[in-house]
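Naming convention: chains lettered A, B, ... in sequence-line order (proteins, then strands); numbering from 1 in each chain. Given the structure is predicted, the values throughout are model-derived calculations rather than measurements. Side chains included, hydrogens not; waters and symmetry mates left out as well; all remaining heavy atoms used.
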Protein chains: 2
Amino acid sequence: MTRSIWPPRGVRLVAKRLLSFARPVHGVNVSAVTSPLVWEHVQPAAARRLLTGAVDAFAERGFQATTTRDIASRAGMSPAALYVHYPSKERLLFEISLYGHNAALEILRSADTGPTPADRLRSLVSAFTAWHAQHHTIARVVQYELAALSPEHLAEVATIRRAISTQIEQVLADGVHDGSFAVADLPGTTLAVLSLSIDVARWYTPHRGDPESLGKLYADLAHRMVQT
Amino acid sequence: MTRSIWPPRGVRLVAKRLLSFARPVHGVNVSAVTSPLVWEHVQPAAARRLLTGAVDAFAERGFQATTTRDIASRAGMSPAALYVHYPSKERLLFEISLYGHNAALEILRSADTGPTPADRLRSLVSAFTAWHAQHHTIARVVQYELAALSPEHLAEVATIRRAISTQIEQVLADGVHDGSFAVADLPGTTLAVLSLSIDVARWYTPHRGDPESLGKLYADLAHRMVQT
DNA sequence: GTCTATAAGGAGATAGAC
DNA sequence: GTCTATCTCCTTATAGAC
C-alpha cells in the first residue's frame with residue numbers, strides 16, 4: 001500500500017504533547033480543544049494549524065458536520081488556502097487517523113515490558129488507556145471517524161488496528177500458557193480489554209481525573225479480569 | 001421537560017424484537033441493517049418505515065452524513081413525504097434516541113434481581129451487554145449521535161443516562177457495603193463497567209457471536225473486576 | 001398522505017489575481 | 001501561499017396539485 005503522492009513536502013507527523021479542554025455532558029464528551037504541541041513536526045506551520053483545527057473540529061462535531069470553512073477559519077485562513085496544503089477534507093482526516101493509529105501502536109509496543117505476563121498486561125493497559133485520555137481529541141477521530149475514510153485509506157488503517165489487537169492478544173496468550181491467566185474466551189477477552197481503553201475516548205474530559213491515575217485503575221481492572 | 005406537540009397521532013414506541021446484519025471491518029461495525037420488528041407499535045406504517053430507515057442510515061453513516069433523501073428512499077417514499085410524519089431530521093433522531101435510552105434503562109431495571117450484589121451485577125451486565133449487541137444499530141445511534149441532538153432533546157436524554165449510570169453504581173455500592181466487592185474507585189469502576197457494555201455497539205456484528213454468550217462473558221469479566 | 005417541483009442556502013473544491 | 005470570487009452540486013425543507 002503506497003502512501004501516494006501526498007504530502008509533497010516531507011511532512012512528518014511526530015508525537016510531542018497535547019493539552020485539552022472539554023465541555024462535559026453526562027457520560028459524553030461533546031466538545032474539545034487541542035493544543036498544537038503534538039503536531040510540532042508537521043511543516044509548514046500553516047499545514048499544522050489546519051491539522052490541529054481539523055482534529056478539534058472532527059472530535060467536536062464529527063467529520064461530516066465539519067466544513068472546510070470551519071477548519072480554515074480555526075487556522076486563521078480562507079477556505080481556499082486549505083487546498084494548498086491538503087488535496088481534500090478526507091486527506092486531512094486520513095493524516096490524523098494514520099498518525100493517531102501509529103502513535104497508539106507505538107505506545108503499546110514500547111509499553112510491552114516486564115518480567116511476567118501480568119506486568120506486561122498492566123503496563124500495556126495503563127499506557128493505552130492513558131493515551132486515550134491524554135489525547136482524547138485525536139483518539140475520538142481515530143476511533144469514531146473510520147467510516148468517513150476512503151476504502152483505500154480505511155484498509156491502510158485497518159492493518160494498524162490488527163497489529164494493536166495482536167499486541168494485547170499475545171500477552172493474554174502468554175499468560176494463559178504460563179498459567180498466570182485464566183481466560184475462557186481469548187478473542188472475546190482481548191476485545192474486552194481493548195474496548196475498555198478505547199471507550200475512554202468517548203467520555204473522557206480532564207475533569208474526570210488525570211490520565212495516569214485512570215491508566216492505573218484500568219490496568220488493575222484488566223488484570224483482575226484475567227487473573228487466576 | 002414537555003414532549004412538545006410531536007408526535008401528533010399518539011405514536012408509541014414499544015420494544016419487540018430486532019434482527020440485523022452488518023459488514024465487518026477490523027474491530028469496527030461500519031454498516032448495519034435493522035429489521036422493523038422492534039418498532040411494531042410506531043403508527044402509521046409509513047412513519048415506522050421512515051424510522052427504521054433512519055435507524056439504519058444513522059447507524060451506518062452517522063446523522064450528519066445521512067440525507068433526508070436517503071431516509072425517504074429506504075422507506076420507499078419521496079423526500080417530501082418525510083415531513084408529513086416528522087417535522088425535521090433531528091426529530092427523527094430524537095425519537096430513536098429517546099426510545100433507545102428508555103429501552104436500555106428498562107432492560108437494566110428489570111434485570112436488577114438476585115439475592116446478592118454479585119448476582120445482581122452479573123444479571124445487569126449480562127442484560128445490558130446483550131441489549132447493545134442485539135440492538136447494535138439502535139445502540140450506535142443512542143451512544144454516538146448525542147452531539148446531533150438539539151440542546152433541549154440532549155438534556156432530556158441526559159436524564160435517562162444518569163439513571164442508567166445510577167443503576168450500576170448502586171449495585172457496586174451495595175456489594176462494597178456487604179463486603180462482597182472490593183472497589184477502590186466507585187465512580188471510576190461504575191464508568192468502566194458501563195463502558196465495557198456500551199462499546200459493544202461500536203464493534204458488534206452478528207458474526208462475532210450471539211448476544212447472550214457475549215452477555216455471559218461480560219458478566220463474568222465485570223464480576224471479576226470487583227470481587228474480593 | 002404522497003407526489004413533483006422548487007425555494008433558499010450551504011457544501012467541497014477551483015480560478016486566477018497578487 | 002493566501003486571497004476574493006465563484007462554480008457546481010447537494011442539502012433541508014416547503015408549496016401546492018392530486
Listed nucleotide nearest any side-chain atom of [X], set [options]:
{"X": "Lys89(B)", "options": "dT14(C), dA15(D), dA13(D)", "value": "dA13(D)"}
{"X": "Val84(A)", "options": "dT12(D), dG1(D), dA13(C)", "value": "dG1(D)"}
{"X": "Ala80(B)", "options": "dA13(C), dA13(D), dA15(D)", "value": "dA15(D)"}
{"X": "Thr67(A)", "options": "dA5(D), dT14(D), dA11(C)", "value": "dA11(C)"}
{"X": "Met77(B)", "options": "dT12(D), dT2(C), dA5(C)", "value": "dT2(C)"}

What is the distance from [atom1] of [X] to [atom2] of [N], rounded to the nearest Å?
{"X": "Arg91(B)", "N": "dT12(D)", "atom1": "CZ", "atom2": "C1'", "result": "17 Å"}
{"X": "Tyr83(B)", "N": "dT2(C)", "atom1": "OH", "atom2": "P", "result": "15 Å"}
{"X": "Ile71(A)", "N": "dA11(C)", "atom1": "CD1", "atom2": "P", "result": "12 Å"}
{"X": "Arg61(A)", "N": "dG10(C)", "atom1": "CZ", "atom2": "P", "result": "14 Å"}
{"X": "Arg49(A)", "N": "dG1(D)", "atom1": "CZ", "atom2": "P", "result": "12 Å"}
{"X": "His85(B)", "N": "dT14(D)", "atom1": "NE2", "atom2": "P", "result": "15 Å"}
{"X": "Leu82(B)", "N": "dT12(D)", "atom1": "CG", "atom2": "C1'", "result": "10 Å"}
{"X": "Tyr86(B)", "N": "dT2(C)", "atom1": "OH", "atom2": "P", "result": "12 Å"}

- Counting only distance, no hydrogens or angles, is the base of dG12(C) paired donor-acceptor with the side chain of Arg69(A) under 3.5 Å?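 In this structure, the two groups form a donor-acceptor pair.
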- Query: Using 30° and 60° as the class limits, which term best fits the ring planes of Phe94(B) and His153(B): parallel, tilted or perpendicular?
  - Reply: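 Judged by the thresholds at 30° and 60°, the geometry between Phe94(B) and His153(B) is parallel.
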- Donor-acceptor pair between Asp210(A) and Ser213(A) side chains, under 3.5 angstrom: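 Note: Asp210(A) and Ser213(A) side chains meet the donor-acceptor criterion.
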- Message: So, taking the atom named CG in Leu82(B) and the one named CE in Met77(B), what distance separates them when rounded to the nearest 0.5 Å?
- Response: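 Reported to 0.5 Å precision, the distance equals 8.0 Å.
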- Message: Rounded at 0.5 Å granularity, tell me how far CD1 in Ile138(A) sits from CH2 in Trp39(A).
- Response: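 One finds 4.5 Å between CD1 of Ile138(A) and CH2 of Trp39(A).
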- For Asp70(B) and Ala57(B), which heavy atoms make the closest approach, and how far apart are they?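 In terms of heavy atoms, the two residues are closest at OD2-CB, 3.9 Å.
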- Message: For a quick check of understanding: with a heavy-atom distance under 4.0 Å over all strands, which category does Ala81(B) fall into, base, sugar-phosphate or nothing?
- Response: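 Sugar-phosphate contact only.
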- Task: Kindly say if Ser78(A) contacts the phosphate of dT2(D), meaning a side-chain N or O under 4.0 Å from OP1 or OP2.
- Result: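 For Ser78(A), the contact criterion (side-chain N or O under 4.0 Å from OP1 or OP2 of dT2(D)) is not met.
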